[in-house]
Amino acid sequence: MIREFHNINLSRRNSFGVDQTAHRLIEFDSEEDLRQIFGNGAPSRWMVLSGGNNILFTRDYEGLLLTPVAHQIRIREDRGEEVIVKVDAGVEWDDLVEWAVAHDLWGVENLSLIPGKAGAAPVQNIGAYGAEASQVIRRVRVFLTDACRMVEIEAEKCHFGYRESIFKHELRGRAIITSIEIALHRTPTPHLDYGDVRREVESRGGETLRNIRDAICAIRHSKLPDPATTGNAGSFFKNPIVSAERAEELKREFPDMPVYPTPVEGQVKLAAGWLIDQTGLKGCHEGRVGIHHRQALVLINLGGATGGEVIRFAHSVQEKVKARFGIAIDTEVNII
Ligand code: EPU
């Protein structure tokens, strides 16, 4: 069923808490709703606004925002060791993680507490603590707006990469994700090798699914601001990928600089949070925008900041990192 709103205030629909409006917003819960909306030709300007956790509105939106609200989690196939689960786009990601842990199913526990909806997970291939959504996603069901029909895209065709997928490129503005299918496992597969995860899990008594989830939640609570109280969109910047030679040069000058491997030979990933931290900006603010005091990747709205203020501040952070290290850091957040 469709629910339609006009000139709607978006401050409670984006985790930055930015006070912009949208000309029109439709909440939809079925594929039939999408056929109805796109059946007589696509609206001139539209985009999906899911949980609003990775978006920064810098102005009012003059078009149509589409918000998926269907939120069922269903076991599609129980193959014994592997269980295929169909998850509607409007399911809160962390509700899915809790569901999996409660059903003793492994695969998403390291992705505990990532804010956002399941339908947004494949778009930027959400990831944390050594895991990425692409490791469990088997296929993504989408509505193709040009053709006005549904298709299923197998994971191999989603072109997943670090915070990357086909939905940010070839299918950008042409596809609406309605559900995802993920494969979870009954055999325990703990991944504890990232940062403090092992220590936190051991302090809780060992490698159970529940302990891993609790450990990840505790780490996130201690490092990241809660969007319910402090407007933010998680990591504002992506970790930059540079050539191994460039990293070597920098490492000679900054021996403590963290460097991570990537699946592509000759390319490595640097930590944007570390680079920003080194410029001395962590915990600093300018007017109503600041950098979180425990995680330099996260920009925060100190109350009432406009999207324009946030983006100006973000540019000044990018310039300082560029001046100090010669490295360009790109935004992870979708700027509208
Ligand atoms: N670091 C600093 N100062 C900081 C932040 C980080 O020196 O203020 C250093 C850390 O000490 C560490 C390195 O930078 O050596 C990497 O930091 P961390 O492990 O905290 O991870 P990250 O690269 O900062 C990424 C994701 C996070 C995810 C964490 C944990 C990106 C852009 N961010 O952050 O994702 O939670 O790993 O896996 O890849 C998000 O996408 O919104 C998000 C929070």
Pair Ser11-Asn9, side-chain hydrogen bond (donor to acceptor under 3.5 Å, both in side chains): steps then yes or no: CA-CA 6 Å; Ser11 56; Asn9 184 289; 2.6 Å; yes
Intermediate values then yes/no, salt bridge (charged side-chain N to carboxylate O under 4.0 Å, His left out), Lys238 and Glu164: CA-CA 11 Å; Lys238 285 199 274 196; Glu164 282 294 353; 3.4 Å; yes
Chi angles and distances behind the salt bridge (charged side-chain N to carboxylate O under 4.0 Å, His left out) call for Arg141, Glu181: CA-CA 8 Å; Arg141 191 167 164 82; Glu181 254 180 58; over 6 Å; no
CA sep, side-chain torsions, deciding dist, call: Lys157, Glu170, salt bridge (charged side-chain N to carboxylate O under 4.0 Å, His left out): CA-CA 11 Å; Lys157 301 220 166 123; Glu170 293 95 307; over 6 Å; no
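Asp88 has a carboxylate O that lies under 4.0 Å from a charged side-chain N of Arg74, or vice versa, which qualifies the two as a salt bridge. The pair Arg213-Glu109 fails the salt-bridge criterion, with no side-chain N (NZ, NE, NH1 or NH2) lying under 4.0 Å from an Asp/Glu carboxylate O. The pair Arg45-Glu62 does not count as a salt bridge, with every side-chain nitrogen at least 4.0 angstrom from each carboxylate oxygen.
Between Trp274 and Phe325, the two ring planes are tilted [angle within 30° to 60°].
How far CE of Met257 is from CD of Gln278: 10.0 Å, rounded to the nearest 0.5 Å. For the atom pair Glu253 CD and Arg324 CZ, the distance stands at 8.0 Å (nearest 0.5 Å).
For Phe57 and Phe16, the gap between ring centers reaches or exceeds 6.0 Å.
In this structure, His285 places its NE2 atom where only 12 or fewer heavy-atom neighbours from other residues, nucleotides or ligands lie under 6.0 Å away.
Within the 3.5 Å criterion, the main-chain N or O of His191 finds a donor-acceptor partner in the side chain of Asn110.
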